[in-house]
Participant: 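Here it is, the structure, as C-alpha cells.
All figures in this text were calculated on a predicted structure; none of them were measured in a lab. Chain identifiers are assigned alphabetically (A, B, ...) following the order of the sequence lines, protein sequences preceding nucleic acid strands; residue numbering begins at 1 within each chain.
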Amino acid sequence: MRLSQYFLPVLKEVPKEAEIVSHRMMLRAGMIRQQAAGLYSWLPLGYKVLRKVQDIIEQEQNRAGAIELLMPTLQPADLWRESGRYNDYGKEMLRIEDRHERDLLYGPTNEEMVTDIFRAYVRSYKELPLNLYHIQWKFRDEVRPRFGTMRSREFLMKDAYSFDLDMEGARKAYQRMFVAYLRTYWRMGLTAIPMKADTGPIGGDLSHEFIVLADTGESAVFCHADLLDKAIPSIDTNFLGDLDPIVDDWTSLYASTEEMHDAAEYERSVPADKQISARGIEVGQIFYFGTKYSEPMKATVTGADGKDVAVHMGSYGIGLTRIVPALIEAFHDDDGIIWPVSVAPFEAAILNLKSGDALCDETCEKLYAELQAAGIDTLYDDRSDGAGAKFATADLIGVPYQVILGPRGAKSGEVEIKHRRTGERETIGIADAVSRIVGLVVPERRDTV
RNA sequence: CGGGGCAUAGCUCAGCCUGGUAGAGCACUGGUUUUGGGAACCAGGGGUCGCAAGUUCGAAUCUUGCUGCCCCGACCA
C-alpha cells in the first residue's frame, strides 16, 4: 500500500479522553474513532489488525474441529424467555421493539440461539460431538464503558458452543478448545496463561480464563512463573487424540484469578522465587455449563439406549476487539506500537526519505514491487514529508521492519533495515534487501509450526 | 448507579473570576526555502463558544434546565 493513497489519520497530539496507553495509541495511530460512549469505528489500519486476529482465530478453531457459522446480532426475546434469562439479564441487555411491536434484543451472547439451531436439526447421539462457532458483533450496555475498545459496549467476539452426549464428551470438547486457545494466543505473539476461573453454580474445574499479564490489567492474578515459557502444542497436534497430557501439564501449576485465589495453596505449591503476583487482561474464557440451556430449551438427542438425554454444553469466548488493545499493552514503547509480525497491519515499511529525488523514487519503487512479489505485506511511505515525520509515523504504527532509503544509500547502493522491536539497524546492499526481509518476516508469521 | 470533572477552530488548550469586535500552537490551503528523527519563513481559510431558556443596553463569560463525554468507585455472562 502506498501511504499517499491510503487513509491513515495519525494524530500528533493525544486526545484528552484516552487514559491508558493502548487507547491513546489506537487513537494516535488512526486505528479507531469513537462515535459515542463505548462505540467505535475501526479505521483502515485498525481494521486490518482486527482482520489478522480474526484469521488466526478462525484457522485455529477450524483446526480444532469447530465449525463456523453466523448468527444475527438481533434475537427474538422469546428464545431468552425460554431459558429464563430475558428477565435475569438486567439493563446490560439492549432491548428493542420492531414495527410489529415484537420484542427483540441485541445479543450479548448466543447460547439460546445456538441451542435453538441445534435442537431443530440434531436428533441422534451419532451426530455428536459438535462444536459450532461464530464471530459476530455483540452489545452489552455497560454502565461505564472505558479504556477504548478494551471495554466497549459494542464488541466483536468469537463464541463457540460444544454439544456432547455426556460429561466425559464435554470434557474432551473443553480440552480441544483449551489447546486451540493456547495455539491461538501464541500465534498472535501473546503469552496468555490459562487460569482457574469461577464456574458459578455448575461447579467443577472446567472453567479457565486466559490472561495476558499487563500492568493495566483489570484483575489481580497469581501464577507460577514457569507457565510463562511453557512449550505450545504444535501445529500437528491430533485434536481427535488424547489431550489429557497437554491439559494436565498446563493445569498442574498454580494459576488463578483473584476471585478463585487460594493464598494458602499458592504459598504451599509455588516456590517463593517462582511466585508471580501481577495484573492481567482477560482475553478469553472457556466454560462448561452442562445442561443449563439444553434442559429448559429441550435440546435432546436419542442415546444408544434409545432414551432421550439433554446434551452437555460448553461455551468458549474470545474478545477480538479486546485482543487488539491487549496486544498494544503488551507490545509498545514510548514511540508507539510494536506489532508482532503475525498481527501487524503491515509486515514491512519502505521509508523513502526524499520523495521526488529521481534515484530514491526509482529504487523505492523497485523495492516495493519486489517485496510485494515476494508476498510481504508492505507499506510504502511515498509522501513528500520530511524524514522525521516518516520515522515517527512508522514507529507509531508499529510496522515490524522498516526499509530506510535516502539519497546517500541510493547512491552507494545500500539500504538500512530497522527492527522496530529491538531498535537494531543493519545496513545491507539493495540487491539483498528483499531476501533479508523475507528471511526475517516469514518465520515470525508463526503459521506453519 | 453513587461521587467528581469537562464541553471555545480538525486536535491540544487560553479567554470566563471582574459581561463590551473570539484567540494561540499544531493541523489545513497557496508560495519560497528545506530534507537521516514529527522543518523555517510569508500569505490565507476555518467558530451558531454543546443545546435551550433567563438576567442585561450588551452573554463564550452570570443564573437555571437539558444533553454529551471523561475520571474514581460499584458493576463486568
Side-chain angles (χ1 to χ4, degrees), chain A residues 9-20 23-24 27-30 33-40 80 83-86 88-93 105 107-112 138-148 150-153 155 157 159 161 197-202 207 209 217-219 257-259 281-282 284-289 292-293 313-319 322 334-336 351-357 360 381 383-397 402-412 414-416 418 423 425 427:
Chain A
V10 298
L11 305 176
K12 237 198 237 184
E13 286 171 289
V14 188
K16 62 179 170 181
E17 73 264 20
E19 189 70 12
I20 65 171
H23 190 192
R24 282 202 302 271
L27 291 166
R28 287 235 292 135
R33 174 175 175 77
Q34 179 172 333
Q35 306 290 172
L39 301 177
Y40 292 85
W80 287 65
S83 70
R85 285 210 291 181
Y86 192 67
D88 294 348
Y89 218 93
K91 298 181 81 170
E92 252 194 9
M93 184 158 75
L105 57 98
T109 178
N110 282 69
E111 281 85 1
E112 284 81 356
K138 310 278 194 294
F139 190 92
R140 284 180 203 159
D141 200 357
E142 301 273 358
V143 188
R144 192 187 158 207
R146 60 180 122 176
F147 303 149
M150 185 80 81
R151 187 163 164 204
S152 47
R153 292 195 293 173
F155 56 98
M157 183 170 172
D159 40 326
Y161 303 91
D198 192 5
T199 49
I202 308 290
S207 176
E209 289 180 1
E218 287 186 283
S219 43
T257 58
E258 197 170 21
E259 325 61 277
I281 301 168
E282 183 196 333
Q285 180 166 23
I286 58 178
F287 194 75
Y288 164 76
F289 50 75
K292 181 176 175 184
Y293 300 97
M313 297 174 59
S315 73
Y316 316 90
I318 296 179
R322 162 174 282 203
D334 288 348
D335 295 324
L351 275 55
N352 182 347
L353 297 189
K354 192 165 184 179
S355 298
D357 176 275
C360 281
D381 191 343
R383 297 172 303 168
S384 55
D385 294 34
K390 297 192 180 189
F391 290 130
T393 299
D395 285 348
L396 174 62
I397 67 174
Q402 300 171 11
V403 180
I404 301 166
L405 185 104
R408 283 203 314 254
K411 273 205 193 75
S412 66
E414 289 176 325
V415 293
E416 189 171 85
K418 176 179 166 183
R425 295 158 183 276
T427 302

Participant: Shorter than 3.5 Å, N or O on both sides, protein versus nucleotides 38-41 of chain B: list them out with atom names.
Facilitator:
residue: B/G38; atom: O2'; partner: A/K12; partner atom: NZ; Å: 2.8
residue: B/G38; atom: O6; partner: A/R28; partner atom: NH1; Å: 3.1
residue: B/G38; atom: N2; partner: A/T393; partner atom: OG1; Å: 3.2

Participant: Heavy atoms under 4.0 Å, any strand shown: does A/M93 hit a base, just sugar-phosphate, or nothing?
Facilitator: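 If one applies the 4.0 Å heavy-atom cut-off, A/M93 turns out to touch nothing in the nucleic acid.
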
Participant: List the atom of A/D198, the atom of A/F287, and the distance in Å for their closest heavy-atom pair.
Facilitator: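 What the structure gives for the nearest pair is O-CE1, 3.6 Å.
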
Participant: Is A/K292 paired with A/E111 through a side-chain N to carboxylate O contact shorter than 4.0 Å?
Facilitator: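 No, A/E111 and A/K292 are not salt-bridged.
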
Participant: Contact class for A/A18 (heavy atom, under 4.0 Å): base, sugar-phosphate, or nothing?
Facilitator: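 Counting heavy atoms under 4.0 Å across all strands, no contact is made by A/A18.
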
Participant: Can you find an N or O donor on one side and an acceptor on the other, under 3.5 Å apart, linking the side chain of A/D395 with the base of B/G37?
Facilitator: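 Answer yes: a donor N or O sits under 3.5 Å from an acceptor.
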
Participant: When you check the gap from the basic side-chain N to the acidic O, do A/R146 and A/E19 get nearer than 4.0 Å?
Facilitator: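 A salt bridge is absent here (no side-chain N lies under 4.0 Å from a carboxylate O).
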
Participant: What is the nucleic acid contact for A/R425, judged by heavy atoms within less than 4.0 Å: base, sugar-phosphate only, or nothing?
Facilitator: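 Contact class for A/R425: base.
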
Participant: Which is true for A/E111 with a 4.0 Å heavy-atom rule: it touches a base, it touches only sugar-phosphate, or it touches nothing?
Facilitator: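 Counting heavy atoms under 4.0 Å across all strands, no contact is made by A/E111.
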
Participant: Quick one: label A/R85 by what it contacts on the DNA or RNA (base, sugar-phosphate, nothing), any heavy atom closer than 4.0 Å.
Facilitator: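 Answer is nothing: A/R85 stays at 4.0 Å or more from every strand.
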
Participant: When you check the phosphate oxygens OP1 and OP2 of B/C72, does a side-chain N or O of A/R144 lie under 4.0 Å from one of them?
Facilitator: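 For A/R144, the contact criterion (side-chain N or O under 4.0 Å from OP1 or OP2 of B/C72) is met.
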
Participant: For A/L353 and A/R33, take the nucleotide of RNA chain B holding the closest heavy atom to each; which residue's nucleotide lies nearer the 5' end?
Facilitator: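 Looking at the nearest nucleotide for each, A/R33 comes out on the 5' side.
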
Participant: Can you check the distance between B/G38 and B/C1, where both ends of the measurement are the C1' atom (answer in whole Å)?
Facilitator: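 Per the computed distance, 44 Å lies between those C1' atoms.
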
